[in-house]
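Reading through the structure tokens given below for one structure.
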Amino acid sequence: MSFFNIPIIQFLLFGNFFVGICAVGLSIETSYRQNLALNPIYYYLLVFSGTALYYTKAFLHKSSGYPDNERDQWYSKNKKLTLFTQFFFIGILLICGILFFASNSNKISELNSIQLFMLLLFPFVALLYYGINSKLNIRKYGQLKPFLIGFAWAGIVTIYPIIFQSLGDESSFKLSQNRVLLFIENFIFISVLCIMFDIKDFKEDSVFQLKTYAVSQGIKKTIYFIIIPLSVIGIITNILFVILNHYPLIQALSINIPLLLGIYFSFKLLKHKRILYYLFFIDGLMLVKSLCGIAASQFN
């Protein structure tokens, strides 16, 4: 039995437990990279369950239209299990939400207008993936979609940890140079991963005439003229972060490993891969990034 045929691996990947873990990892990385205290455990459970629920809903009610789609087949065979996990994630959200408001009820009113705006902005952009109406649906805009998703992810894993850590202390929430650079870094990184996922959907998007970069430019041009240039911009941003903070060279090397791996894996996508390959290796780059970022913070 191959690794991707192991039932528990399919459950963790298709069930979106793994992507939830990746979101938590990136959130923890932010705290380490910004020299902040970690948030309470219920905050990370909120991030985990919210992310997993969001992606489960996206695929539970959305078929690719292809009978041989491996993810569609898994959801079809595991409807009861998937519904159970949805209730499980909702339960975690409710319990942790109650704990959060019980612990911070007197501090929430102290959030300033900028903090409130950011708390609402990123979930709103994420909801556009489902579509608010026939026009406000980012799935229809193939070349804009990865950047909007990257923007939403960057906000959740970069800005949210800072806002929640600063509850009750407005002075500790500042869009400093370091925080803006980390936001840009995460935005570029997640956007690149989304473009790589569009390569996975190349055939399906072609049939439905969804103009992603892979469809409009072709896979090779997408890698050479979109993914690699964006990755280079991300690497330059990371180097700038290190230079401005006078950090040692080893930190620049550490935080650039995920982007370099992203370029490596993009060439692997020239040959057809199982969807589980994307869910493990491409999403897994987020977990690699968080570990590299945490390790790099130890060299400050």
Side-chain angles (χ1 to χ4, degrees), residues 22-39 47 114-115 118 121-122 125 146-166 169-196 222-267 281-300:
C22 291
V24 171
L26 289 175
S27 300
I28 292 175
E29 180 202 5
T30 291
S31 296
Y32 274 91
R33 294 275 297 275
Q34 298 299 318
N35 297 313
L36 298 172
L38 292 176
N39 283 298
V47 172
I114 295 178
Q115 290 170 306
M118 289 185 172
L121 173 63
F122 301 111
V125 173
F147 297 105
L148 288 176
I149 295 174
F151 179 80
W153 263 87
I156 298 298
V157 303
T158 310
I159 304 299
Y160 265 42
I162 298 171
I163 291 178
F164 279 86
Q165 198 278 334
S166 67
D169 183 9
E170 292 185 6
S171 63
S172 66
F173 179 78
K174 297 177 181 178
L175 290 179
S176 64
Q177 173 181 274
N178 285 354
R179 293 173 181 180
V180 171
L181 285 173
L182 182 58
F183 177 86
I184 294 172
E185 175 190 328
N186 281 325
F187 166 67
I188 292 174
F189 182 72
I190 301 298
S191 297
V192 166
L193 298 188
C194 291
I195 294 172
M196 293 171 72
T222 298
I223 293 172
Y224 283 106
F225 300 115
I226 306 296
I227 291 177
I228 292 179
L230 282 174
S231 298
V232 171
I233 293 173
I235 290 171
I236 292 173
T237 301
N238 291 344
I239 293 174
L240 184 62
F241 179 92
V242 170
I243 292 174
L244 291 174
N245 288 281
H246 306 288
Y247 292 153
L249 178 61
I250 191 171
Q251 189 178 65
L253 296 174
S254 298
I255 60 179
N256 279 318
I257 288 175
L259 283 165
L260 295 172
L261 285 175
I263 294 174
Y264 168 77
F265 278 113
S266 68
F267 285 103
F281 286 105
I282 308 305
D283 276 350
L285 288 175
M286 291 189 286
L287 194 56
V288 172
K289 182 184 184 302
S290 64
L291 295 174
C292 289
I294 293 171
S297 68
Q298 306 307 306
F299 300 113
N300 291 358

Problem set entry | Nearest-0.5 Å distance that lies between atom NE2 in His246 and atom CD in Gln251 | 12.5 Å
Exercise. Between atom CE of Met196 and atom OG of Ser191, what is the distance when rounded to the nearest 0.5 Å?
Worked result: 13.0 Å
Problem set entry | Atom CZ of Phe267: over 12 foreign heavy atoms under 6.0 Å | yes
Exercise. Which atoms form the tightest heavy-atom contact between Ile149 and Cys194, and what is the distance?
Worked result: CG2-SG, 3.5 Å
Seminar exercise, completed: Rounded to the nearest 0.5 Å, the CD1 atom of Ile156 sits from the CG atom of Leu121 at a distance of 9.0 Å
Problem set entry | Leu38: side chain to side chain contact (heavy atoms under 4.5 Å, CB included) partners, not counting sequence neighbours | Ile28, Ser31, Tyr32, Tyr44
Problem set entry | side-chain contact (heavy atoms from CB on, under 4.5 Å) assessment of Leu291 paired with Met286 | CA-CA 9 Å; Leu291 295 174; Met286 291 189 286; over 6 Å; no
Seminar exercise, completed: Applied to residues 231-243, the side chain to side chain donor-acceptor pair (under 3.5 Å) test, sequence neighbours excluded, yields Asn238-Asn256
Seminar exercise, completed: Across all chains, not counting sequence neighbours, the ring pair (Phe, Tyr, Trp, His ring centres under 6.0 Å) partners of Phe225 are none
Exercise. How many angstroms lie between OG in Ser266 and CG in Leu193, if you round to the nearest 0.5 Å?
Worked result: 11.0 Å
Exercise. So do Phe122 and Trp153 actually touch side chain to side chain, heavy atoms under 4.5 Å?
Worked result: no
For this session: List for me each residue that meets ring pair (Phe, Tyr, Trp, His ring centres under 6.0 Å) alongside Phe147, sequence neighbours excluded, and say none if there are none.
Result: none
Exercise. Side chains of Ile195 and Leu230: closer than 4.5 Å at any heavy-atom pair?
Worked result: yes
Problem set entry | Side chains of Val192 and Ile226 in contact at under 4.5 Å (non-hydrogen atoms) | no
Exercise. Between Leu181 and Leu244, is any pair of side-chain heavy atoms under 4.5 Å apart?
Worked result: yes
For this session: Check side chain to side chain contact (heavy atoms under 4.5 Å, CB included) between Ile114 and all other residues, then give those that pass, not counting sequence neighbours.
Result: Asn112, Met118, Phe173
Exercise. Sequence neighbours excluded, which residues qualify as side chain to side chain contact (heavy atoms under 4.5 Å, CB included) partners of Leu260?
Worked result: Ile235
Problem set entry | Contact check, side chains of Glu185 and Leu182, non-hydrogen atoms, under 4.5 Å | yes
For this session: Considering non-hydrogen atoms only, spot the tightest contact between Leu259 and Gly234 and give its length.
Result: CD1-C, 3.5 Å
Exercise. Quick check: does any side chain N or O of Thr30 sit under 3.5 Å from a backbone N or O of Val157, one acting as donor and the other as acceptor?
Worked result: yes
Seminar exercise, completed: Sorted by chain and residue number, the side-chain hydrogen bond (donor to acceptor under 3.5 Å, both in side chains) partners of Thr158 (sequence neighbours excluded) come out as Asn186
Seminar exercise, completed: dist Ile243:CD1 -> Ile236:CD1 (nearest 0.5 Å) comes out at 10.5 Å
Exercise. Taking the inter-plane angle between the rings of Phe151 and Phe183 on a 0 to 90° scale, is it parallel (under 30°), tilted (30 to 60°) or perpendicular (over 60°)?
Worked result: perpendicular
Exercise. Minimum heavy-atom separation for Val47 to Ser27, with atom names?
Worked result: CG1-OG, 3.9 Å
For this session: Applying side-chain contact (heavy atoms from CB on, under 4.5 Å), run through Gln115 and Ser166 and close with a yes or a no.
Result: CA-CA 10 Å; Gln115 290 170 306; Ser166 67; 3.3 Å; yes
Exercise. Any side-chain heavy atom of Cys292 within less than 4.5 Å of one from Ile255?
Worked result: no
Problem set entry | Closest approach of Gln165 to Ala37 (non-hydrogen atoms, all atoms of both residues) | CG-O, 3.5 Å
Exercise. Does atom CD1 of Ile250 have more than 12 heavy-atom neighbours, drawn from other residues, nucleotides or ligands, at distances under 6.0 Å?
Worked result: no
Exercise. Who are the side chain to side chain contact (heavy atoms under 4.5 Å, CB included) partners of Ser290, not counting sequence neighbours?
Worked result: Leu26, Glu29, Leu287
Exercise. Any side-chain heavy atom of Phe189 sitting closer than 4.5 Å to one from Pro258?
Worked result: yes
Seminar exercise, completed: Residues passing the ring pair (Phe, Tyr, Trp, His ring centres under 6.0 Å) test with Phe187, sequence neighbours excluded, are none
Exercise. Is any side-chain heavy atom of Leu36 less than 4.5 Å from a side-chain heavy atom of Arg179?
Worked result: yes
